[in-house]
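The shown structure was predicted, so the numbers you read here are calculated from the model rather than taken from an experiment.
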Amino acid sequence: MYKAEIDKIIVDKSDLDVAATIECGQFFRYEKTQNGYKVKSGAHVCDVYELDDVTVIETEAVDYFVDFFSLDRDIVRIKRTLSRYPELNKALEKCGSLRILHQPLFETIVSFIISANNNIPRIKTIINRMCALFGDVFPTPDKLAALSERELNAIGCGYRSPYILKSSIICRDTDILKRLPAADTKTAQKLLIELPGVGQKIADCVALFALGRNEVFPVDTWMLKTQRRGSETETQVRERLMSAYGEYAGYAQQFLYYYSAILKEA
């Protein structure tokens with residue numbers, strides 16, 4: 001449960017595991033602070049920290065961050081549903097109330113193009129440099145499309161620069177950002193894969209983290225390493241796990257990833 005006030009949101013700790021939610025690889029615009037985290041999304045910012053038995057989200061954009069942290073979603077029921085799968089129980093126990101965020105669509109597309117063959121510290125650095133060009137706000141498609149490949153290279157985008165630029169131009173000049181939320185999941189993924197630099201894994205991430213399609217299961221190298229059976233292809237792993245975990249396959253993926261790639265590795 002949560003309570004929204006004028007300049008803060010107070011959430012029961014049992015409903016929001018801050019570290020698991022922020023550091024599970026679904027999001028990159030955050031920094032650790034002395035007490036918790038500073039989180040930025042679009043043009044908005046909040047400070048998140050734990051105090052006694054609650055989590056406090058301080059912000060001037062209360063409604064925005066209620067939606068961003070998906071606080072109206074019943075995470076207890078989702079975990080109860082996933083607990084039917086014995087192979088998930090350890091991850092469910094260790095990861096607490098990990099929530100899948102609801103992120104801005106264009107920001108998520110560009111962020112995950114940047115994430116390709118990259119590591120989280122470097123992804124964060126590139127995105128922070130990009131936002132710094134626009135007053136510490138994530139740029140709109142028209143503003144990002146106005147940059148040159150040289151300017152994108154200068155902030156570290158490298159071989160991804162033309163993909164970012166071309167995808168921004170498409171998002172600026174077409175109605176794709178309006179069509180995606182209204183499309184069914186398969187259609188939305190086909191539209192996403194038409195964008196330069198977007199393959200199946202990035203399309204799945206955008207569908208899950210921006211469009212709220214909880215039935216998708218993004219498969220990266222870590223999921224292949226830990227979930228593959230025999231000589232399964234990436235597509236076969238993805239299809240098997242989506243079939244196995246159904247409507248909450250995306251949550252299963254995030255619990256498995258955070259537990260095996262972050263907690264156990266640490």
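For the pair E50 (side chain) and N35 (backbone), a donor-acceptor distance under 3.5 Å is absent. For the pair R160 (side chain) and A116 (backbone), a donor-acceptor distance under 3.5 Å is present. In this structure, the side chain of S161 engages the main chain of G158 through a donor-acceptor pair within 3.5 Å. A distance-only check finds no donor-acceptor pair linking the side chain of S168 to the backbone of L144 [under 3.5 Å]. Here the side chain of N153 pairs a donor or acceptor atom with the backbone of E149 at under 3.5 angstrom. R122 places no side-chain N or O within 3.5 Å of a backbone atom of N119 that could act as its donor or acceptor partner. In this structure, T21 contributes its side chain and R99 its backbone to a donor-acceptor pair below 3.5 Å.
No side-chain heavy atom of I9 sits under 4.5 Å from any side-chain heavy atom of K3. With contacts defined as side-chain heavy-atom distances shorter than 4.5 Å, the pair I202/L195 does not qualify. The side-chain heavy atoms of L16 and I57, taken from C-beta on, include a pair separated by under 4.5 Å. Considering only heavy atoms from C-beta on, L208 comes within 4.5 Å of P218 through its side chain. Between L256 and L88 the shortest side-chain heavy-atom distance falls below 4.5 Å. A heavy-atom distance below 4.5 Å is not found between the side chains of C24 and Q253. Using a 4.5 Å heavy-atom threshold, the side chains of L211 and P181 count as touching. Side-chain contact check for W222 versus S260: some heavy-atom pair is nearer than 4.5 Å.
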Item to complete: Take K13 and D53 through the test salt bridge (charged side-chain N to carboxylate O under 4.0 Å, His left out) and record every step on the way to the result.
Response: CA-CA 6 Å; K13 275 188 181 178; D53 59 347; over 6 Å; no
Practice prompt. Might you work through the side-chain contact (heavy atoms from CB on, under 4.5 Å) test for F217 and M223, ending with a clear yes or no?
Written response: CA-CA 10 Å; F217 192 106; M223 286 295 103; 3.7 Å; yes
Item to complete: List the steps and the verdict of side-chain contact (heavy atoms from CB on, under 4.5 Å) for F209 and Q254.
Response: CA-CA 11 Å; F209 305 137; Q254 285 293 278; 3.7 Å; yes
Item to complete: Take E107 and R29, measure what salt bridge (charged side-chain N to carboxylate O under 4.0 Å, His left out) needs, and give me the verdict at the end.
Response: CA-CA 10 Å; E107 182 169 340; R29 289 185 67 197; 3.3 Å; yes
Fill in: Pair R228-E234, side-chain contact (heavy atoms from CB on, under 4.5 Å): steps then yes or no
CA-CA 8 Å; R228 173 185 268 162; E234 181 176 326; 5.6 Å; no
Discussion item. Evaluate C131 against V137 for side-chain contact (heavy atoms from CB on, under 4.5 Å), listing each step before the verdict.
Written reply: CA-CA 5 Å; C131 293; V137 172; over 6 Å; no
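Taking each heavy atom of P141 and R172 in turn, the nearest pair found is CB-N, 3.9 Å. Between I170 and P196, the shortest heavy-atom contact is CD1-CD, 3.6 Å. Scanning both residues, V62 and I6, for their nearest heavy atoms gives CG2-O, 3.5 Å. Closest of all the heavy-atom pairs between Q26 and L101 is OE1-N, 2.8 Å.
Checking D220 against Y257 by side-chain atom types alone, no donor-acceptor pair falls below 3.5 Å. Remark: the D184 side chain and the T187 side chain contain an N/O donor-acceptor pair separated by less than 3.5 Å. Defined by atom type and a distance below 3.5 Å, a donor-acceptor pair is missing between the side-chain atoms of S14 and D12. Side chains of Q200 and T235: no donor on one and acceptor on the other come within 3.5 Å.
Separation of atoms CG (L224) and NZ (K201) is listed at 11.0 Å; rounding is to 0.5 Å. Between atom OG of residue S115 and atom CD1 of residue I123 there is a gap of 5.0 Å, rounded to the nearest 0.5 Å. Separating the CD1 atom in I169 from the CD1 atom in I164 is a distance of 12.0 Å, to the nearest 0.5 Å. The CG atom of L177 sits 5.5 Å away from the CD1 atom of I109 when rounded to the nearest 0.5 Å. Within the model, atoms CG of N128 and CD1 of I155 stand 10.0 Å from one another, a figure rounded to the nearest 0.5 Å. In this structure, the separation between OH on Y259 and OG1 on T226 is 11.5 Å, given to the nearest 0.5 Å.
Under a cutoff of 6.0 Å and an axis angle of 45°, K124 and Y30 form a cation-pi pair.
Shown here are the side-chain contact (heavy atoms from CB on, under 4.5 Å) partners of K79, two or more places apart in sequence or in another chain: I75, L92, F255.
In this structure, V45 is not a member of the same hydrophobic cluster as M130, with clusters built from ILVMFWY side-chain heavy atoms closer than 4.5 Å. Connection of V54 to V66 is not established within any shared hydrophobic cluster, with ILVMFWY side chains joined at heavy-atom distances below 4.5 Å, either directly or through further cluster members. Follow the hydrophobic side-chain contacts under 4.5 Å out from V219 and you never reach I193; the two are in separate clusters. Put simply, L133 and I126 are part of the same group of oily side chains (I, L, V, M, F, W, Y) that touch within less than 4.5 Å, one to the next. L71 and I10 fall into different hydrophobic clusters, where Ile, Leu, Val, Met, Phe, Trp and Tyr are joined by side-chain heavy atoms under 4.5 Å apart, directly or via other members.
Listed by first and then second residue, the side chain to side chain donor-acceptor pair (under 3.5 Å) pairs that reach into residues 238-249 are R77-Y248, E87-Y245, Q189-R238, D204-R238, E232-R240, sequence neighbours excluded. Evaluation of the side chain to side chain donor-acceptor pair (under 3.5 Å) test over residues 57-75, restricted to residues two or more places apart or in two chains, returns Y2-D72, S41-Y64, Y49-E58, D67-H102, R73-Y251.
The ring pair (Phe, Tyr, Trp, His ring centres under 6.0 Å) test with F27 singles out one residue from F69, F112, F68, and that residue is F68. With respect to V206, the side chain to side chain contact (heavy atoms under 4.5 Å, CB included) criterion is satisfied by exactly one of V110, L105, I113: L105.
Counting heavy atoms of neighbouring residues, nucleotides and ligands inside a 6.0 Å radius, atom NZ of K94 does not exceed 12 of them.
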